[in-house]
Amino acid sequence: MAFDIDHHFKAYPLLAPPTAVDGFAERQWHVLDDVMPYPLATLRKPALMHNLAWMQDWARRKGVQLAPHGKTTMSPELFRLQLQAGAWGMTVATVHQLQLALEAGAQRCIIANQVLADADLDGLHALLTRHTGTRVWFLVDSQAQLAMIEDWAGRRACARRFDVLLELGTDGFRTGCRTHEQALALARALAASPVARLGGVECYEGGLATCDSAHDSEAVSALVRRVRSVVQAIDTEALWGDDQLLITAGGSAIFDLVIPLLTGYAMGRPVQGVLRSGCYVTHDHGRYAQFLKLVEQREHLQDSLQPAIEIWTLVQSVPEPGLAVLSGGRRDVSFDQRMPLPVRWAARGSRLIEATPEHWQVQALSDQHAHMRFDPAGLVPQVGDRIALGISHPCTTFDKWRWMALVDDQARITGAISTHF
């Protein structure tokens, strides 16, 4: 899918001609030459490629497949890199997102969400007809949802049988069957339905995560026991509709703790465990970095994911001692989990990149500005300096950009990716 970036896109030079996503290296642009308007979203390609390889290797060693959640980036260029690195398929949240994953070349997709509206069922049916040979599973968590799908099929005179996964949920959190009995009753209804083929069980453990290893391990262990009990009960009653089963879970915070849920099944048909982490591709400097430290401790890891995403900003004002105002705000960087973190900087006119002092801290954001406090007795940022902000929660930074620059470790722009939210 060819895609050009031009002056209609934030952070692209107003006077520059359009550039194809794969043609940025020819421009020989550099982040710190001030050719690009600030703020500028960048992905450090060495870290990005490291993360792709590391996560794929980790999943392989654990005996599971990886279906990265595409909602994180909604970037066909990154989808293709994930598939080329060995991903089994892609995960998405909506039929709209599914379209992008299929166009990027995914042959297997999990819609980690309920599908029930007429427009979505129409769209899914059309996509499956267009992309022959692909497999798409979506989640079912109630007989009311199943009745809506059956009603749609009757009104459309459609004989398609959709691949579905039964979802187990947790009290107080998102969707999913809350009890063993509810899940088993739904499995029986799915087995008897002409519109659904029950191919496995899904859950999401992310809502249990607190960044406390003892709590998180205990909470996920209880979920593991619930899932395995439901899977065994469905198998005992022979309610499956497929020759191979999928058991799938996995956000990006405590992905190591769900491995016992995804592996070790002894049944009369093969069982494939599928991990759905998404944020690993760029990682971050904040919330997921905190969770990863615990993963490293539990797994005794010497090497793991690296933060790849940075938003370069300009110091546009130092209006009072101890306050610098940066040219990037809520429209440019995530703030739902914590404030962005100044991580690197370069003085005006210089390409020398250095680590920021610890006393430089963003304490507030407005729509277009970051309010960075600093100790006036220490290193004082100057108007015109460039500061790279590390982020917390990639999902809510990517959706603020229609493109991002790929850069090397010296901040040379070597490529670009597009996003399609």
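Remember, predicted model here, so these are calculated numbers, not experimental data.
- Note on D408 versus K45: no salt bridge recorded, every NZ/NE/NH1/NH2 to OD/OE distance being 4.0 Å or above.
- Of all the heavy atoms in L48 and L81, the pair that sits closest is CD2-CD1, 4.3 Å.
- Closest approach of C109 to L102, counting heavy atoms only: SG-CD2, 4.1 Å.
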Practice task
Decide yes or no on side-chain contact (heavy atoms from CB on, under 4.5 Å) for R108 and V274, but give the supporting numbers first.
Solution key: CA-CA 11 Å; R108 307 180 191 92; V274 179; over 6 Å; no
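- Side chain of D242 to main chain of G199: no donor-acceptor pair is present (N/O by atom type, distance under 3.5 Å, no hydrogens or angles).
- Cation-pi check for R197 over F162 is not met; the charged atom does not lie both under 6.0 angstrom from the ring centroid and within 45 degrees of its normal.
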Exercise for the section: Give the intermediate values and the outcome of side-chain hydrogen bond (donor to acceptor under 3.5 Å, both in side chains) for residues T134 and Q107. Expected result: CA-CA 5 Å; T134 60; Q107 295 296 302; over 6 Å; no
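- When all heavy atoms of L261 and A249 are compared, the closest pair comes out as CD2-CB, 4.1 Å.
- Side-chain atoms of H50 come within 3.5 Å of backbone N or O of S304 as a donor-acceptor pair.
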Exercise for the section: Before giving the answer on side-chain contact (heavy atoms from CB on, under 4.5 Å), spell out for V231 and I247 the whole-Å C-alpha distance, their side-chain angles and the decisive distance to 0.1 Å. Expected result: CA-CA 9 Å; V231 169; I247 308 296; 3.7 Å; yes
Problem - side-chain hydrogen bond (donor to acceptor under 3.5 Å, both in side chains) assessment of H215 paired with S213 - result: CA-CA 6 Å; H215 169 277; S213 262; over 6 Å; no
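- By the 6.0 Å contact criterion, CG on D243 is open, its count of non-hydrogen atoms from other residues, nucleotides or ligands being 12 or less.
- Side-chain atoms of S229 do not come within 3.5 Å of backbone N or O of R225 as any donor-acceptor pair.
- Atom-to-atom distance recorded for M404:CE and L43:CG is 5.5 Å, nearest 0.5 angstrom.
- Counting heavy atoms from C-beta outward, L100 and P76 have side chains that approach closer than 4.5 Å.
- In this structure, C395 and T72 approach most closely via the heavy-atom pair SG-OG1, 3.5 Å.
- Using modelled atom types and a 3.5 Å distance limit, the side chains of D216 and T210 yield a donor-acceptor pair.
- For the pair T282/F398, a side-chain contact is recorded, criterion being any heavy-atom separation below 4.5 Å from C-beta on.
- T42 contributes a side-chain N or O that, together with a main-chain N or O of E310, makes up a donor-acceptor pair within less than 3.5 Å.
- Checking side-chain atoms of Q56 against main-chain N and O of G86 turns up a donor-acceptor pair under 3.5 Å.
- In summary, the side chains of N51 and H283 do not present any donor paired with an acceptor at a separation below 3.5 Å, with no hydrogens or angles considered.
- In this structure, the side chains of I234 and W240 come closer than 4.5 Å at one or more pairs of heavy atoms.
- The shortest side-chain heavy-atom distance between F255 and F291 does not fall under the 4.5 Å cut-off.
- Considering only heavy atoms from C-beta on, T419 stays 4.5 Å or farther from T73 through its side chain.
- Distance alone, capped at 3.5 Å, is enough to place a donor-acceptor pair between the R226 side chain and the R178 backbone.
- Checked by atom type, the side-chain pair R344/T356 shows no donor-acceptor distance below 3.5 Å.
- Under a cut-off of 6.0 angstrom, the local environment of CD in E218 is sparse, with at most 12 non-hydrogen atoms contributed by other residues, nucleotides or ligands.
- Taken from NE2 in H96 to NZ in K71, the straight-line distance is 14.0 Å, to the nearest 0.5 Å.
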Exercise for the section: Kindly indicate, with the supporting measurements, whether the criterion side-chain hydrogen bond (donor to acceptor under 3.5 Å, both in side chains) is fulfilled by T19 and Y12. Expected result: CA-CA 10 Å; T19 304; Y12 192 83; 2.6 Å; yes
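- Between Q97 and F421 there is no side-chain heavy-atom pair separated by less than 4.5 Å.
- Here the CZ atom belonging to R161 is positioned 12.5 Å from the CD1 atom belonging to I149, to the nearest 0.5 angstrom.
- For the atom pair D141 CG and L165 CG, the distance stands at 12.0 Å (nearest 0.5 Å).
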Problem - side-chain contact (heavy atoms from CB on, under 4.5 Å) evaluation trace for Q368 with R331 - result: CA-CA 6 Å; Q368 308 290 167; R331 304 273 177 111; 3.7 Å; yes
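- In this model, no donor atom of one side chain and acceptor atom of the other lie less than 3.5 Å apart for D375 and W360.
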N/O donor to acceptor pairs below 3.5 angstrom from side-chain atoms of residues 61-68, sequence neighbours left out:
{"residue": "R61", "atom": "NE", "partner": "D57", "partner atom": "OD2", "Å": "3.0"}
{"residue": "K62", "atom": "NZ", "partner": "E299", "partner atom": "OE1", "Å": "2.8"}

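- With no hydrogens or angles considered, no side-chain donor-acceptor pair links S366 and R330 at under 3.5 Å.
- Donor-acceptor pairing under 3.5 Å is recorded for the side chains of Y280 and Q82.
- Between D332 and K10 there is a salt bridge, with a side-chain nitrogen of the basic residue lying less than 4.0 Å from a carboxylate oxygen of the acidic one.
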Handout entry: Worked verdict on V315 versus Q382 for side-chain contact (heavy atoms from CB on, under 4.5 Å)
Key = CA-CA 7 Å; V315 179; Q382 303 296 316; over 6 Å; no
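- V362 approaches P340 most closely through the heavy-atom pair CB-O, 3.5 Å.
- No hydrogens or angles considered: a donor-acceptor pair under 3.5 Å links the side chains of Q114 and E167.
- No donor-acceptor pair under 3.5 Å is formed between the side chain of K293 and the backbone N or O of A289.
- Between atom CG of residue L168 and atom CG of residue L139 there is a gap of 10.5 Å, rounded to the nearest 0.5 Å.
- A cation-pi arrangement, defined by a distance under 6.0 Å to the six-membered ring centre and an angle within 45 degrees of its axis, is absent between R386 and Y38.
- Checking T248 against E202 by side-chain atom types alone, no donor-acceptor pair falls below 3.5 Å.
- Ring orientation note: the planes of F374 and H359 are tilted relative to one another, at an angle of 30° to 60°.
- T129 and R160 share a side-chain donor-acceptor pair at under 3.5 Å.
- In this structure, the ring of F3 has its center less than 6.0 angstrom from the ring center of H420.
- For the pair S334 and S392, the tightest heavy-atom approach, listed with the atom from each and the gap, is OG-O, 2.7 Å.
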Problem - Residues H369, Q316; criterion side-chain hydrogen bond (donor to acceptor under 3.5 Å, both in side chains); working and verdict - result: CA-CA 9 Å; H369 303 113; Q316 66 179 70; 3.2 Å; yes
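- Defined by atom type and a distance below 3.5 Å, a donor-acceptor pair is present between the side-chain atoms of S418 and E77.
- Environment of CZ in R174: sparse, with no more than 12 heavy atoms of neighbouring residues, nucleotides or ligands closer than 6.0 Å.
- Note that CD1 of I387 is 8.0 Å distant from CH2 of W345, once rounded to the nearest 0.5 Å.
- Counting only heavy atoms from C-beta outward, the side chains of V136 and L98 approach each other to under 4.5 Å.
- A donor-acceptor pair is defined here as one N or O able to donate and one able to accept, closer than 3.5 Å; no such pair exists between the side chain of R412 and the backbone of A25.
- Ring geometry for W54 versus W58: interplanar angle under 30°, hence parallel rather than tilted (30 to 60°).
- Between F24 and L406, every side-chain heavy-atom pair lies at or beyond the 4.5 Å cut-off.
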